[in-house]
Amino acid sequence: CGDAACLSSPVPRGSPLRPRSVKEAWDNYLEAFLKQDLERIMFSYDEASLVRVFNSVDCAKSEFHGTLRIRRVFQQLFNDLTNLSTLDAPVVDVDEDAGQVFFVWKCPGCGYLAATDTFIFAKGFTIWRQNTVYTRMPKCSTAAAMVLSCSPELQPLVSSRPTAADGSMDAAMNVPKAQVRSPVRCSREASPERESQQFRPVVAVPAWASPRRSGDDAAHRCSK
């Protein structure tokens, strides 16, 4: 409003501009996270903030220091979290004395099968350090396409699995990234006398997608 009274008026409790406890700072962060409010969530960070991120699928570790790089992290995260209907947070532990929050969440509908965040707050209740470990899978449609491109025999089995509203399979039915190499390496049978000359993927197939063949021994079922 411009007058001295307005400029000197205290910021209300719980404001993202001036939290007065770890609990208030966390409430501001969580509300911004759930609403995917990029501007509000950045109130939780300053130029001294450091975010460390580790993906347990590909073992990639990254560090983001300062508000510019941290802002890009949340831009990407919010772009990934297109459907929060499967978001769940079984653990939210706020430790006021230690100035920390332990947050466990998942959003399998968006590929985040598990995520763990540890927040360490500075004296001014901004986030000084954030350590994040998550398990993020690629879109199941992409993983299935990689398998089917080399194994047409799996198509009826994979295509028969139920799909979610957005067309992606439920996370519990995903072909784990650890089991599908990227790019998938395909090789022809070593001998032209073999019965099949089709390309075979060098991938591990989940149990529900493994075709049952009577009379075949284990060595014959495994491609070399």
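This structure is a prediction, so every number in the text was calculated from the model and none was measured. Position 1 is the first residue of the sequence; numbering continues from there.
- D97 pairs by the side chain to side chain contact (heavy atoms under 4.5 Å, CB included) definition with D95, not counting sequence neighbours.
- Here the side chains of M137 and V57 are in contact, with some heavy-atom distance below 4.5 Å.
- In this structure, L50 and I70 approach most closely via the heavy-atom pair N-CD1, 4.5 Å.
- With values rounded to the nearest 0.5 angstrom, L77 atom CG is found 9.0 Å from R136 atom CZ.
- Sequence neighbours left out, the pairs with a member in residues 102-122 that pass side-chain hydrogen bond (donor to acceptor under 3.5 Å, both in side chains) are D80-Y112, W105-D117, D117-Q130, D117-T132.
- Tracing side-chain contacts under 4.5 Å through hydrophobic residues (I, L, V, M, F, W, Y), one reaches V53 starting from L81; they form part of the same cluster.
- One distance of note links CZ of F125 with OG of S21; it measures 6.0 Å at 0.5 Å rounding.
- F33 and V73 fall within a single hydrophobic cluster, where Ile, Leu, Val, Met, Phe, Trp and Tyr side chains are chained together by heavy-atom contacts under 4.5 Å.
- Not counting sequence neighbours, the partners of E31 by the salt bridge (Lys or Arg N to Asp or Glu O under 4.0 Å) test are K35, R40.
- No side-chain heavy atom of F121 sits less than 4.5 Å from a side-chain heavy atom of T126.
- For N28 (side chain) and E24 (main-chain N/O), a donor-acceptor pair under 3.5 Å exists by modelled atom type.
- Applying the side-chain hydrogen bond (donor to acceptor under 3.5 Å, both in side chains) criterion to S62, with sequence neighbours excluded, gives no partner residue.
- Residues in residues 60-78 take part in these salt bridge (charged side-chain N to carboxylate O under 4.0 Å, His left out) pairs, two or more places apart or across chains: E39-R71, R52-E63, K61-E63.
- Between I41 and Y45, the shortest heavy-atom contact is O-CD1, 3.5 Å.
- Counting heavy atoms from C-beta outward, V91 and D93 have side chains that approach closer than 4.5 Å.
- You'll find the side chain of T82 reaches within 4.5 Å of the side chain of C110, heavy atoms only.
- Cluster partners of I120 are W128, counting Ile, Leu, Val, Met, Phe, Trp and Tyr whose side-chain heavy atoms approach within less than 4.5 Å, directly or via other members.
- The same ILVMFWY cluster, assembled from side-chain heavy atoms under 4.5 Å apart, contains both V92 and I127.
- The salt bridge (Lys or Arg N to Asp or Glu O under 4.0 Å) check on D27 picks up K23, with sequence neighbours excluded.
- Contact record, A25 with S44: O-OG, 4.5 Å, taken as the closest heavy-atom pair.
- Using a 4.5 Å cut-off between side-chain heavy atoms of Ile, Leu, Val, Met, Phe, Trp and Tyr, L68 forms no hydrophobic cluster with any other residue.
- Within the structure, every pair that satisfies the ring-ring contact (aromatic ring centres under 6.0 Å, His included) test and touches residues 78-100, not counting sequence neighbours, is listed here: F74-F78.
- L84 and Y134 fall within a single hydrophobic cluster, where Ile, Leu, Val, Met, Phe, Trp and Tyr are joined by side-chain heavy atoms under 4.5 Å apart, directly or via other members.
- For Y29 and F43, the gap between ring centers reaches or exceeds 6.0 Å.
- In this structure, OG in S49 is found 8.0 Å from CD in E47, a value given to the nearest 0.5 Å.
- Side-chain contact check for V94 versus V22: some heavy-atom pair is nearer than 4.5 Å.
- The hydrophobic clustering, which links ILVMFWY residues whose side-chain heavy atoms are closer than 4.5 Å, places F119 and L30 together.
- Annotation: F103 is in aromatic contact with W26 [ring centroid separation under 6.0 Å].
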